[in-house]
Amino acid sequence: MLKGGFGKSTFASTLGGILGDFRDHSVLVVDLDPAGHLSTGLGYYTRENDSATDLADVLLEGEPLEAIVKNPGHGFDFIPALNLDTISDELSKDSVLASDLKMKQELVDKHLGEQYDYMLFDVPGTRKKLTNNAVIAAPNAILPLMPKPEAMNGLRETAIRLVEPIRQQLGEFNILATVPNDLSARIDHQTTDRKLLESMNTQESFASFLLAGNDGVDPQQGTLSNGHDLETVLNDHIPPFARIRSDEWAAIDAGEVSPPKPPIRHTGAIGDAYEERKPLTAHDPENPQLEHFGVVADIIETGGINQ
């Protein structure tokens with residue numbers, strides 16, 4: 001998401017813990033956001049250190065990956081945010097295509113499958129050189145969406161400014177799932193939770209954002225081509241725990257069924273885990289919301305949603 005405050009850092013650390021600690025995969029989590037919220041949440045505070053070996057040295061100078069990898073002890077390796085603005089400047093000195101391919105060539109191609117089963121990137125909320133590098137290197141995205149008024153606009157901007165050009169230029173970028181996050185309100189009233197979930201589950205414009213860059217899809221106008229079935233697109237991008245179809249909304253509004261409480265729900269344990277400098281999996285391994293993060297991990301493992 002080209003918008004901050006939707007829980008990307010929480011998702012990265014929690015999924016790293018599930019895939020690594022709970023499922024015994026070899027996982028590398030990489031903080032590419034200069035703000036470094038993920039790094040702080042794992043106990044790494046330094047943002048600038050010109051004398052330290054950093055990601056630029058690995059991508060541009062041939063330094064070994066091991067020189068910058070940390071092990072916070074939660075089932076995954078970690079590259080903290082360090083000198084990221086400088087790295088973006090260094091990448092920008094090369095040609096556009098060459099600079100956008102550095103992370104794929106020097107990090108993913110060399111180490112994914114050999115050293116790591118999965119690499120998870122926490123990207124910034126603005127489009128930067130490192131954002132381009134991340135989506136080219138690992139073109140499979142999980143997009144958390146919080147119930148905020150700016151959620152759909154943030155997704156629209158992501159679709160138009162990032163997803164559409166990447167797909168048109170390179171041909172491959174997969175949104176594996178869009179996941180509602182930090183829900184807390186009822187959905188049988190016009191709450192922000194209801195507005196988010198109803199938009200996700202019923203609107204053609206939402207589906208057009210997910211398919212931006214495909215033939216006939218217009219995210220500017222919020223329309224699909226005749227070759228795309230709305231329900232199929234939504235089934236392919238919304239986890240089963242958050243999928244509420246039109247007839248189900250009608251039943252909820254008629255009082256025929258009790259309104260569900262779709263995950264992922266707000267839990268104070270996430271803030272507590274952040275203060276403790278641990279992922280949720282380490283802070284509270286029995287937390288009930290981890291079951292739903294586990295479904296997202298299933299989606300990563302299988303490469304898509306099976307409704």
Side-chain angles (χ1 to χ4, degrees), residues 1-8 11 123 125-127 131 135 139-253 259-260 262-264 296 299 304-305 307:
M1 286 283 290
L2 296 184
K3 188 77 178 70
F6 282 85
K8 296 190 298 292
F11 264 66
V123 299
T126 56
R127 186 168 182 183
T131 310
V135 298
N140 298 288
I142 300 291
L143 300 183
L145 294 168
M146 282 188 178
K148 298 181 177 182
E150 63 268 29
M152 287 301 108
N153 186 59
L155 181 59
R156 180 179 181 274
E157 289 300 299
T158 300
I160 293 170
R161 294 174 51 211
L162 180 65
V163 177
E164 185 173 41
I166 288 292
R167 281 179 173 154
Q168 290 177 343
Q169 293 165 21
L170 299 173
E172 183 180 9
F173 184 78
N174 302 313
I175 298 174
L176 298 181
T178 52
V179 186
N181 185 34
D182 202 40
L183 302 179
S184 60
R186 296 170 64 105
I187 64 168
D188 55 342
H189 301 299
Q190 287 302 314
T191 61
T192 52
D193 286 24
R194 163 74 180 242
K195 291 175 182 176
L196 172 65
L197 287 165
E198 195 165 21
S199 295
M200 291 177 63
N201 279 282
T202 64
Q203 290 185 359
E204 183 179 1
S205 59
F206 179 82
S208 77
F209 302 153
L210 304 179
L211 295 189
N214 285 279
D215 290 343
V217 176
D218 187 348
Q220 294 272 10
Q221 298 298 318
T223 56
L224 299 171
S225 68
N226 292 333
H228 297 288
D229 175 68
L230 175 61
E231 293 300 309
T232 299
V233 175
L234 299 178
N235 285 341
D236 288 345
H237 291 88
I238 302 174
F241 61 67
R243 187 75 174 98
I244 304 174
R245 294 164 178 81
S246 296
D247 59 332
E248 295 172 301
W249 285 113
I252 291 168
D253 291 340
I264 290 174
V296 181
I299 293 168
I305 293 175
Q307 291 282 358

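Because only heavy atoms are used, hydrogens play no part in the values below, and waters and symmetry mates are left out as well, while side chains stay in.
The environment of CG in Asp247 is crowded: more than 12 heavy-atom neighbours from other residues, nucleotides or ligands sit within 6.0 Å.
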Inset, instruction - Determine, step by step, whether Arg186 and Arg194 satisfy the side chain to side chain contact (heavy atoms under 4.5 Å, CB included) criterion, reporting the C-alpha distance in whole Å, the side-chain angles of both residues, the deciding distance to 0.1 Å, and the verdict. - result: CA-CA 7 Å; Arg186 296 170 64 105; Arg194 163 74 180 242; over 6 Å; no
Legend entry - Chi angles and distances behind the side chain to side chain contact (heavy atoms under 4.5 Å, CB included) call for Ile264, Asn181: CA-CA 5 Å; Ile264 290 174; Asn181 185 34; 3.8 Å; yes
Inset, instruction - With side chain to side chain contact (heavy atoms under 4.5 Å, CB included) as the test, would you mind laying out the steps for Arg243 and Glu231 before giving the verdict? - result: CA-CA 10 Å; Arg243 187 75 174 98; Glu231 293 300 309; 2.6 Å; yes
Inset, instruction - Determine, step by step, whether Glu198 and Gln203 satisfy the side chain to side chain contact (heavy atoms under 4.5 Å, CB included) criterion, reporting the C-alpha distance in whole Å, the side-chain angles of both residues, the deciding distance to 0.1 Å, and the verdict. - result: CA-CA 8 Å; Glu198 195 165 21; Gln203 290 185 359; over 6 Å; no
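Looking at Asn214, its side chain never comes within 3.5 Å of a backbone N or O of Val217 through a donor-acceptor pair. Put simply, the side chain of Asp193 gets close to the backbone of Ala185: a donor and an acceptor are under 3.5 Å apart.
Atom CE of Met146 sits about 9.5 Å away from atom NZ of Lys8, to the nearest 0.5 Å. Rounding to the nearest 0.5 Å gives a distance of 12.0 Å between CG of Leu234 and CD1 of Ile244. Interatomic distance, Leu155 CG to Glu150 CD, rounded to the nearest 0.5 Å: 12.5 Å. Here the straight-line distance linking atom CZ of Phe206 with atom CE of Met200 works out to 4.0 Å at 0.5 Å rounding. Atom-to-atom distance recorded for Leu211:CG and Asp218:CG is 12.5 Å, nearest 0.5 angstrom. Between the NE2 atom of His228 and the CD atom of Glu204 there is a distance of 10.5 Å, given to the nearest 0.5 Å.
At least one side-chain heavy atom of Trp249 sits less than 4.5 Å from a side-chain heavy atom of Ile187. Looking at Pro260 and Ile252, their side chains come closer than 4.5 Å, going by heavy atoms from C-beta outward. Side-chain contact between Leu162 and Glu157 is absent, with no heavy-atom pair separated by less than 4.5 Å. Looking only at side-chain heavy atoms (C-beta outward), Asn235 and Ile305 stay at 4.5 Å or farther from each other. Counting heavy atoms from C-beta outward, Thr191 and Pro147 have side chains that stay 4.5 Å or more apart.
Shown here for Pro180 and Ala242, the closest heavy-atom pair between the two residues is CG-CB, 3.5 Å. Shown here for Gly213 and Arg167, the closest heavy-atom pair between the two residues is CA-CB, 4.2 Å. Nearest heavy-atom pair across Ala151 and Leu145 is O-CD2, 4.3 Å. Contact detail for Leu183 and Pro262: the closest heavy-atom pair is CD1-O, 3.3 Å. Smallest separation of non-hydrogen atoms from Gly222 and Ser208: CA-OG, 3.3 Å. The nearest pair of heavy atoms linking Phe11 to Pro144 is CE1-CB, 3.7 Å.
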Mind listing the side-chain donor-acceptor pairs of residues 170-179 below 3.5 Å, one per line with the distance, residues two or more places apart or on another chain?
from, atom 1, to, atom 2, distance (Å)
Asn174, ND2, Asn140, OD1, 3.1
Thr178, OG1, His237, O, 3.1

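For the residue pair Arg245/Asn201, the side-chain donor-acceptor check at 3.5 Å is not satisfied.
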